[in-house]
Undergrad: 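The structure under discussion is supplied below as structure tokens; questions concerning it will follow.
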Amino acid sequence: MKKNPVEAILGFFVLIFAGLFLFFASSRVDVQKIAGYPVFVSFQKVGGLEMGADVRINGIKVGSVTKIELNPDTFMALVEMNIKEDIKLPVDTTAVVADAGLMGDKYIRLEPGKKSEKITRNGYIQKTKDYKSLEESVSEFIFLSTKDDKVDE
């Protein structure tokens with residue numbers, strides 16, 4: 001079988017570009033583990049939230065989701081988050097499962113409260129807002145807009 005040197009050179013360049021692509025992608029992806037303290041929160045619905053998802057305050061990543069499990073007593077989703085050590089959350093912080101865009105990933109948005117008392121290591125966030133899917137939001141909007149259309153007789 002005769003080898004074509006053009007094919008060998010082309011294959012060599014493909015391998016180089018694939019290696020450069022992997023290097024570039026790995027340098028841009030933020031996959032390192034957040035060193036911090038664990039905090040827990042319970043939700044009725046998490047809407048596709050996954051382990052490793054971001055925890056953000058005002059769009060800035062301050063932690064990540066480390067575990068999601070079903071509480072067998074309450075049947076609520078128990079979410080464990082790891083929060084950066086230098087971020088001290090007030091006890092009246094609110095946690096919300098949010099979308100990173102129309103088709104984006106889910107993340108936990110934290111809305112810090114005003115109290116001076118802070119959540120400790122292995123503490124719980126008590127205030128939550130459950131995830132609302134796009135379908136639920138649209139149906140709620142339609143229901144509210146058609147509710148006033150009824151004519152009283």
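The analysis underlying the following values was restricted to heavy atoms, covering all of them including side chains, and did not include hydrogens, waters or symmetry mates.
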Undergrad: Applying side-chain contact (heavy atoms from CB on, under 4.5 Å), run through V97 and F43 and close with a yes or a no.
TA: CA-CA 9 Å; V97 177; F43 292 103; 3.8 Å; yes
Undergrad: So, for P90 and G113, which heavy atoms are closest and what is the spacing to 0.1 Å?
TA: CG-O, 3.5 Å
Undergrad: Let me check something: do Y107 and V39 share a hydrophobic cluster, defined by ILVMFWY side-chain heavy atoms less than 4.5 Å apart, either directly or through other members?
TA: no
Undergrad: Checking E111 now: which residues fulfil salt bridge (Lys or Arg N to Asp or Glu O under 4.0 Å) with it, not counting sequence neighbours?
TA: R109, K129
Undergrad: With a distance cut-off below 6.0 Å to the six-membered ring centre and an angular limit of 45° from the axis, does R121 pair with Y37 as a cation-pi contact?
TA: no
Undergrad: If I compare all heavy atoms of G52 with all of S64, which pair ends up nearest, and what's the gap?
TA: O-CB, 4.3 Å
Undergrad: Using atom types as modelled and distance alone, determine if a side-chain donor or acceptor of D92 lies under 3.5 Å from a backbone N or O of K114.
TA: yes
Undergrad: List the steps, then state whether side-chain contact (heavy atoms from CB on, under 4.5 Å) holds for I68 with L78.
TA: CA-CA 6 Å; I68 303 171; L78 179 63; over 6 Å; no
Undergrad: Under the side chain to side chain contact (heavy atoms under 4.5 Å, CB included) rule, collect the residues that match up with N71, sequence neighbours excluded.
TA: D73, T74
Undergrad: Name all residues meeting the side chain to side chain contact (heavy atoms under 4.5 Å, CB included) criterion together with A53; count only those two or more places apart in sequence or in a different chain, and write none if there are none.
TA: L49, V65
Undergrad: NZ/K118 to CD1/I87 distance, rounded to the nearest 0.5 angstrom?
TA: 10.5 Å
Undergrad: What is the distance from atom CD of E69 to atom CE of M76, rounded to the nearest 0.5 Å?
TA: 13.5 Å
Undergrad: Can you tell me how far apart CD1 (I119) and OG1 (T93) are? Round to the nearest 0.5 Å.
TA: 4.5 Å
Undergrad: Under 4.5 Å between side-chain heavy atoms, chaining through other members, with only Ile, Leu, Val, Met, Phe, Trp and Tyr counted: pull out the rest of the cluster around F75, sorted by chain and number.
TA: L70
Undergrad: Could you tell me which residues satisfy side-chain hydrogen bond (donor to acceptor under 3.5 Å, both in side chains) with E50, sequence neighbours excluded, listed by chain and number?
TA: none
Undergrad: About how many Å separate CD1 of I60 and CG of D54, when rounded to the nearest 0.5 Å?
TA: 12.0 Å
Undergrad: Please report the interatomic distance CD1(I83) to CG(L110), rounded to the nearest 0.5 Å.
TA: 5.5 Å
Undergrad: With a 4.5 Å limit on heavy-atom distance, are the side chains of V41 and M81 in contact?
TA: yes
Undergrad: Not counting sequence neighbours, which residues clear side chain to side chain contact (heavy atoms under 4.5 Å, CB included) with E80? List them please.
TA: P38, F40, T66, K67
Undergrad: Within a radius of less than 6.0 Å around CG of N58, do more than 12 heavy atoms belonging to other residues, nucleotides or ligands occur?
TA: no
Undergrad: Checking I16 now: which residues fulfil side chain to side chain contact (heavy atoms under 4.5 Å, CB included) with it, not counting sequence neighbours?
TA: F12, L20
Undergrad: Do I108 and V79 touch side chain to side chain, with heavy atoms closer than 4.5 Å?
TA: yes
